[in-house]
Visitor: 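Here it is, the structure, as structure tokens.
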Amino acid sequence: MGRAAFGLAVGCAVVSCAIAAVLVRKGVERRAKWSRVVGVLREFEEGCSTSGHRLRQVVDAMAVEMHAGLASEGGSKLKMLLTFVDNLPNGNEKGLYYALDLGGTHFRVLRVHLKGTKQKILDHKVEKQAIPPHLLTGTSEELFGFIALTLKRFIEKEGDDFELQPVSRRDLGFTFSFPVRQTSVSSGFLIKWTKGFAIEDMVGKDVAECLQSARTMLGLDVRVAALINDSAGTLALGHYHDEDTMVAVIIGTGTNACYIERADAIIKCQGLISNSGGMVINMEWGNFWSSHLPRTPYDVDLDAESPNPYDQGFEKMISGMYLGDIVRRVILRMAKEADLFGEVGKSLSEPFTLRTPLMCAMHQDESSDLREVARIMEETLEVSNIPLRVRRLVVRVCDAVTRRAARLAAAGIVGILKKIGRDGKGGSSSNSSEGVRRTVVAIEGGLYENYSLFREYMRDALEEILGEEMSQNVVLRLSQDGSGLGAALLAAAVSSSSSLSSLV
Ligand code: ADP
Ligand code: MG
């Protein structure tokens, strides 16, 4: 070999070694990045863990807090509010009733025609519209002006859908799904706003009166016969169809639950008069808190940056308003940890850019290349060119968030069953001679209705906590439009006292 050739060979070998070294370094770097990102995910999954043991602790904590909230005003983060609903519709109600449903992203107006004599609802019409965002933080006059005007326009269309006798005065059920201290079945004061509403001048005001003033201005002859929240409406509709319905749960923008309690168990209101021996209690369970809840740093940050820190802790782990944003926070942390996410725009850093329905679509993407995940990440979060293995991590984040939410909701339900002695364990108010009774839980809300994996996880957790045999006695039943229809039914039940029957 000549000198020149030798020199060339040595040069080539040096260059090859250098390239190999660079490749090895890049490989090592990539693996290190990958393991950092996977580390973030694993840590999050562990933080969200809801073992059977932990769920049972949540069940017990829920039952204990329920007792405390019923024992004294302010005795628990669970407000356990009286609804004054002591009689539920039973199918004998007759006539034409209206309902308004306000409490989340949409506002609904309903007209319900009841035939009576167990023929149940004859016909109903619902109109749904989005609430203009500026009304969430404006004044009470603006919000109620909008509600009354929508109702007026709806009433003006009366007769378009079904033949009606002329009506002199219209009775209305008003579903107002925020914490309200009721003073009667048809009146109550707003305690605080939740779910992104913040109309300061309204806190402490009588909700029915606010609507009354707006109606008067528009010359509408309508009377609020029942002021309730969505969970009470759902319970009313559930009970109307199936008398074993004892509990109702909302899992939509927010989350809440109500149930039928014995009047004598409501210690904070001794001497409470109930015609049926029972009363619907609005738990406001969104505000439930226990040290057993699996909380991660992402939940802490979401809470701190929310308009209502230290409030609605259970809701912030379960409901549709928040799930998408928890996922976004975890993805953002992963993207900061390593540049495995391709190009990242600023949307990923903006709160609430990832809405829960989109998170659900990513979670339930069944395509082999997870192209829905890639599309949503690109179009919504401005994160493009994500490799497939990183898309899989995104799906795991969605899974951890939803699994935790669904399992906690199930534990909450079992907590209620325990409190009313229907968990099959002979709780405080159970009557062992009656054996195990069938209990129906009516569930309403866009998250529960549209998210099949959520429903699956919830059912599994219920079975895990109660045991397979006992869980057969607990029916989770999807309710549709219960919050509105139930309000019209309650307006009817209150207006005609024909509906009295024992509740407990
Ligand atoms: P509201 O709670 O405002 O009365 P809904 O019960 O209809 O209204 O619930 C709406 C909420 O349900 C939305 O805010 C969203 O979080 C959730 N949601 C709606 N559609 C879906 C979906 N396809 N997947 C998951 N969550 C959904
Ligand atoms: Mg609703």
Side-chain angles (χ1 to χ4, degrees), residues 99-110 126-133 135-136 143 147 150 173-180 193-197 228-238 248-258 282 284-286 302 306 312 315-328 351-366 372-373 376 380 395 397-399 401-406 409 442-458 478-488:
L100 294 176
D101 179 3
L102 175 79
T105 40
H106 287 98
F107 169 65
R108 294 173 182 83
V109 200
L110 297 92
V126 188
E127 242 178 55
K128 170 175 161 180
Q129 41 176 292
I131 303 163
L135 293 182
L136 307 192
L143 178 67
I147 294 170
T150 311
F174 186 11
T175 309
F176 182 79
S177 306
F178 301 95
V180 165
W193 288 108
T194 54
K195 298 174 277 190
F197 280 69
I228 58 161
N229 74 10
D230 47 6
S231 61
T234 301
L235 185 62
L237 182 69
V249 176
I250 300 296
I251 309 177
T253 306
T255 185
N256 191 14
C258 74
N282 166 19
E284 286 300 330
W285 89 352
L302 182 145
S306 71
Q312 301 294 105
E315 178 162 88
K316 285 172 180 160
M317 288 186 174
I318 292 179
S319 80
M321 175 147 184
Y322 304 101
L323 298 193
D325 203 54
I326 303 173
V327 169
R328 182 197 62 83
F352 296 102
T353 39
L354 181 64
R355 296 278 165 197
T356 302
L358 291 175
M359 164 210 170
C360 165
M362 295 204 290
H363 190 191
Q364 303 192 146
D365 182 359
E366 284 178 355
E372 191 61 7
V373 174
I376 293 170
T380 309
V395 174
V397 177
C398 299
D399 190 69
V401 170
T402 295
R403 209 175 121 81
R404 178 183 69 167
I443 310 182
E444 179 171 300
L447 181 71
Y448 184 78
E449 186 174 346
N450 298 302
Y451 206 154
S452 57
L453 271 172
F454 187 100
R455 290 197 301 275
E456 220 173 272
Y457 283 147
M458 202 166 148
L478 173 68
S479 161
Q480 278 168 316
D481 277 330
S483 51
L485 284 175

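Read the numbers this way: they start at 1 and go in the same order the structure lists the ligands and their atoms. If you're wondering where the values come from, they're calculated on a predicted model, not measured in any experiment. Just so it is clear, the values below take in all heavy atoms, side chains as well, and ignore hydrogens, waters and symmetry mates.
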Visitor: Under 3.5 Å, N/O to N/O: give me all the pairs between ligand 1 and the protein, one per line with atom names and distance.
Guide:
| unit_1 | atom_1 | unit_2 | atom_2 | d |
| --- | --- | --- | --- | --- |
| ligand 1 | 2 (O) | Thr253 | N | 3.0 |
| ligand 1 | 2 (O) | Thr253 | OG1 | 3.1 |
| ligand 1 | 3 (O) | Thr105 | N | 2.7 |
| ligand 1 | 3 (O) | Thr105 | OG1 | 3.1 |
| ligand 1 | 3 (O) | Thr253 | OG1 | 2.8 |
| ligand 1 | 6 (O) | Gly446 | N | 2.8 |
| ligand 1 | 9 (O) | Gly446 | N | 3.2 |
| ligand 1 | 12 (O) | Leu447 | N | 3.2 |
| ligand 1 | 14 (O) | Thr253 | OG1 | 3.2 |
| ligand 1 | 16 (O) | Gly320 | O | 3.3 |
| ligand 1 | 20 (N) | Asn450 | ND2 | 3.2 |

Visitor: Rounded to the nearest 0.5 Å, what separates atom NZ in Lys128 from atom NE2 in His106?
Guide: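 That separation rounds to 4.5 Å.
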Visitor: With sequence neighbours excluded, tell me which residues meet side chain to side chain contact (heavy atoms under 4.5 Å, CB included) with Ser483.
Guide: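 With sequence neighbours excluded, Ser483 shows a side chain to side chain contact (heavy atoms under 4.5 Å, CB included) to Asp101, Thr175, Asp230, Thr234, Glu444, given in chain and number order.
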Visitor: Could you tell me which residues satisfy side-chain hydrogen bond (donor to acceptor under 3.5 Å, both in side chains) with Lys316, sequence neighbours excluded, listed by chain and number?
Guide: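 Testing Lys316 for side-chain hydrogen bond (donor to acceptor under 3.5 Å, both in side chains), a comparison that skips the adjacent residues, returns Asp303, Ser306, Asn308.
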Visitor: Pair Glu284, Asn256 - check side chain to side chain contact (heavy atoms under 4.5 Å, CB included), show working.
Guide: CA-CA 5 Å; Glu284 286 300 330; Asn256 191 14; 3.6 Å; yes
Visitor: Who pairs with Asp365 by salt bridge (charged side-chain N to carboxylate O under 4.0 Å, His left out), at least two apart in sequence or on another chain?
Guide: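 If we apply the salt bridge (charged side-chain N to carboxylate O under 4.0 Å, His left out) test to Asp365, skipping adjacent residues, there are no hits.
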Visitor: Which of parallel (below 30°), tilted (30 to 60°) and perpendicular (above 60°) describes Trp193 and Phe197?
Guide: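 Rings of Trp193 and Phe197: parallel, as their planes differ by under 30°.
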